[in-house]
Amino acid sequence: MAAIEKRSREDWQELDKNHHLHPFTNHKELHEQRSRIITRADGVYIFDADGNRILDGMSGLWCVNAGYGRQELITAASAQMQELPYYNNFFQCAHPPVIELSSLLKEVSQPQFNRVFFAGSGSESNDTIVRMVRTYWDLMGQPERHTIISRDNAYHGSTVAAASLGGMKAMHKQSGLPIPGIVHVDQPYWFGSDQALSPDEFGIVAARSIEAKIKELGADKIAAFIGEPIQGAGGVIVPPDTYWPEVQRICDEYGILLIADEVITGFGRLGEWFGSDYFSITPDFMPFAKGVTSGYLPLGGVMVSDRVADVLIDKAGEFFHGYTYSGHPASCAVAIANLKLIQRDNLVGRIKDDIGPYLQGKWAALADHPLVGDTRMVGLMGAFEIVKSKSPLQRFDQEQGAGGKCRDHLIANGVCMRAVGDTIICAPPFILSHGEADELIETTWKALDLTQAALAE
Ligand code: PXG
């Protein structure tokens with residue numbers, strides 16, 4: 001029996017307006033224009049309450065990697081709920097799904113990762129890391145080493161610690177963040193720079209802003225560096241090739257723990273199992289969430305390297321940290337089914353060798369449009385930037401809302417992508433067919449033409 005009543009779109013919108021506070025939303029604007037009610041989904045398509053079919057170029061929120069309507073995942077959740085809908089992993093307990101998933105995650109991760117700590121989301125995973133990192137250095141007899149270096153315009157979640165790790169100034173301003181002991185350095189955003197350096201030179205300079213911060217504060221104060229292999233919510237910032245090797249060098253040289261936030265890049269998005277594999281780095285922690293269950297149920301966690309886990313196990317006694325839903329059985333069952341599906345259908349290889357290169361080629365050609373100043377895509381994670389003039393490079397005034405206009409034209413024409421300022425970002429499900437990729441690109445050209453016409457008015 002369906003738990004949800006049948007209502008008209010207008011009724012849903014009215015109830016939504018009156019009773020629902022949305023995440024990351026300007027409610028005044030929303031109440032003027034009303035929310036888009038999504039009622040169902042299948043494959044790579046979502047459907048709204050008016051029956052419009054929209055190609056989901058964002059995989060929900062970077063998570064529905066296996067696509068919608070996957071019966072294996074639905075059955076896994078349902079069967080697990082029948083067998084054991086909930087039990088905790090505190091107080092010397094565990095259950096088969098959490099154990100099975102732990103060993104499966106070890107199988108797909110780099111060799112330094114043999115252990116995983118579960119959470120309910122990416123934010124909780126990053127909060128876990130802040131506590132674990134500081135506890136690790138306490139146990140190592142270096143309690144002064146508590147400062148974590150992150151980057152401007154990073155996104156690591158919305159809880160107090162995760163938002164502090166993030167480098168979103170607007171978020172910090174609203175709630176007195178960051179908390180003490182979290183500092184930020186430059187992001188490796190070459191297209192957003194004055195472009196005086198080559199991308200490779202710029203990558204080294206951006207990485208060395210970490211080293212400069214270490215020297216400024218003292219290496220004996222620095223616990224860890226955290227970065228998304230490719231920044232997602234910040235606008236799909238793909239670092240120059242020189243960046244990550246230099247970051248690894250710096251972390252190694254100063255003995256600093258390296259945290260690769262794989263919440264978006266994990267489980268195949270870049271055509272490798274993890275962004276860390278793509279960039280050949282060997283982190284000490286990998287927080288993950290989203291794609292681990294393809295978003296069908298909430299689950300997050302942290303892959304913890306032996307370097308840290310061995311110390312925690314040997315020396316910490318009890319680590320006073322955990323969530324009611326750490327390793328929720330139904331979420332774990334879905335994750336197992338999802339990872340097995342990705343393995344069985346070779347979806348990671350498909351991104352690397354087939355649909356990735358196919359979409360990337362067409363995406364790069366968008367640069368021929370007069371409005372498109374930069375295009376970038378790795379695996380199935382991409383962006384293009386809308387500019388007023390390419391040479392000399394000139395951007396639109398923010399009040400013109402070029403990115404928002406383009407996003408609206410995209411959705412009105414049947415493709416959902418997200419605007420970060422004037423950057424349009426794209427992360428479609430891994431099952432995207434060539435025909436669906438063509439549809440995504442054709443609609444993008446059309447939306448760009450409509451945006452150009454609207455901006456000319
Ligand atoms: N790390 C990264 C790299 C993320 O992208 C989180 C942590 C936090 O995960 P949770 O599960 O707590 O949301 C994220 C989340 C957007 C957008 O608009 C991106 C995220 C969340 C919400 C919106 O791009 N990423």
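Here the structure is a predicted model, which means the values were calculated and not measured. All ligand and atom numbering here is 1-based and tracks the order in the structure.
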Element-labelled atoms of ligand 1 that are located less than 4.0 Å from some non-hydrogen atom of [X]:
X	value
Gly122	8 (C), 9 (O), 10 (P), 11 (O), 12 (O)
Val263	1 (N), 2 (C), 3 (C), 4 (C), 6 (C), 7 (C), 14 (C)
Asn126	1 (N), 7 (C)
Ile264	5 (O)
Ser123	8 (C), 9 (O), 10 (P), 12 (O)
Asp261	1 (N), 2 (C), 3 (C), 7 (C)
Glu228	3 (C)
Arg418	16 (C), 18 (O), 24 (O)

Query - Ring centers of Phe384, His369 separated by less than 6.0 Å - result: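 Ring centroids of Phe384 and His369 are no less than 6.0 Å from each other.
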
Query - Test side-chain contact (heavy atoms from CB on, under 4.5 Å) applied to Leu258 and Trp244, step by step - result: CA-CA 11 Å; Leu258 176 56; Trp244 276 112; 4.1 Å; yes

Report task. Output yes when Glu385 and Arg376 qualify as a salt bridge under the 4.0 Å nitrogen-oxygen rule, no when they do not. Result ->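 Yes.
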
Query raised in the report: Will you find, in the side chains of Thr265 and Glu262, an N or O donor that is under 3.5 Å from an N or O acceptor?
Result: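 Result is yes, a qualifying pair exists.
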
Report task. Using atom types as modelled and distance alone, determine if a side-chain donor or acceptor of Gln112 lies under 3.5 Å from a backbone N or O of Pro283. Result ->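 At least one qualifying donor-acceptor pair exists.
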
Query raised in the report: Within the distance-only criterion (no hydrogens, no angle test), does the side chain of Arg151 pair as donor or acceptor with the backbone N or O of Glu228 below 3.5 angstrom?
Result: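 Between the backbone of Glu228 and the side chain of Arg151 there is a qualifying donor-acceptor contact (under 3.5 Å).
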
Query raised in the report: Taking the inter-plane angle between the rings of Tyr86 and Tyr325 on a 0 to 90° scale, is it parallel (under 30°), tilted (30 to 60°) or perpendicular (over 60°)?
Result: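 Ring orientation of Tyr86 relative to Tyr325: perpendicular.
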
**Report entry** Per-residue contact class, Leu61 against ligand 1 - non-hydrogen pairs under 4.0 Å
**Finding:**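 It is the side chain that gets close, since no backbone atom is under 4.0 Å.
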
Query raised in the report: Would you say Phe24 contacts ligand 1, with heavy atoms under 4.0 Å as the rule?
Result: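 False for this residue.
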
Requested in this report: Would you check whether Lys290 reaches within less than 4.0 Å of ligand 1, judged by its heavy atoms?
Outcome: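 Yes, Lys290 has heavy atoms under 4.0 Å from ligand 1.
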
Query raised in the report: Do any nitrogen or oxygen atoms of Trp62 come within less than 3.5 Å of a nitrogen or oxygen of ligand 1?
Result: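 Among all N and O atoms of Trp62, at least one is under 3.5 Å from an N or O of ligand 1.
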
Query raised in the report: What residues form a salt bridge (charged side-chain N to carboxylate O under 4.0 Å, His left out) with Lys405, not counting sequence neighbours?
Result: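 Lys405 satisfies salt bridge (charged side-chain N to carboxylate O under 4.0 Å, His left out) with no other residue.
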
Report task. Grab the two heavy atoms, one from Gln80 and one from Pro329, that are nearest each other, plus how far apart they are. Result ->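 Heavy atoms only, the tightest pair is CG-O, 3.4 Å.
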
Query raised in the report: Nearest protein heavy-atom contact for atom 2 (C) of ligand 1: which residue, which atom, what distance?
Result: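 Checked against all protein heavy atoms, atom 2 (C) of ligand 1 sits closest to Tyr155 O, 3.3 Å.
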
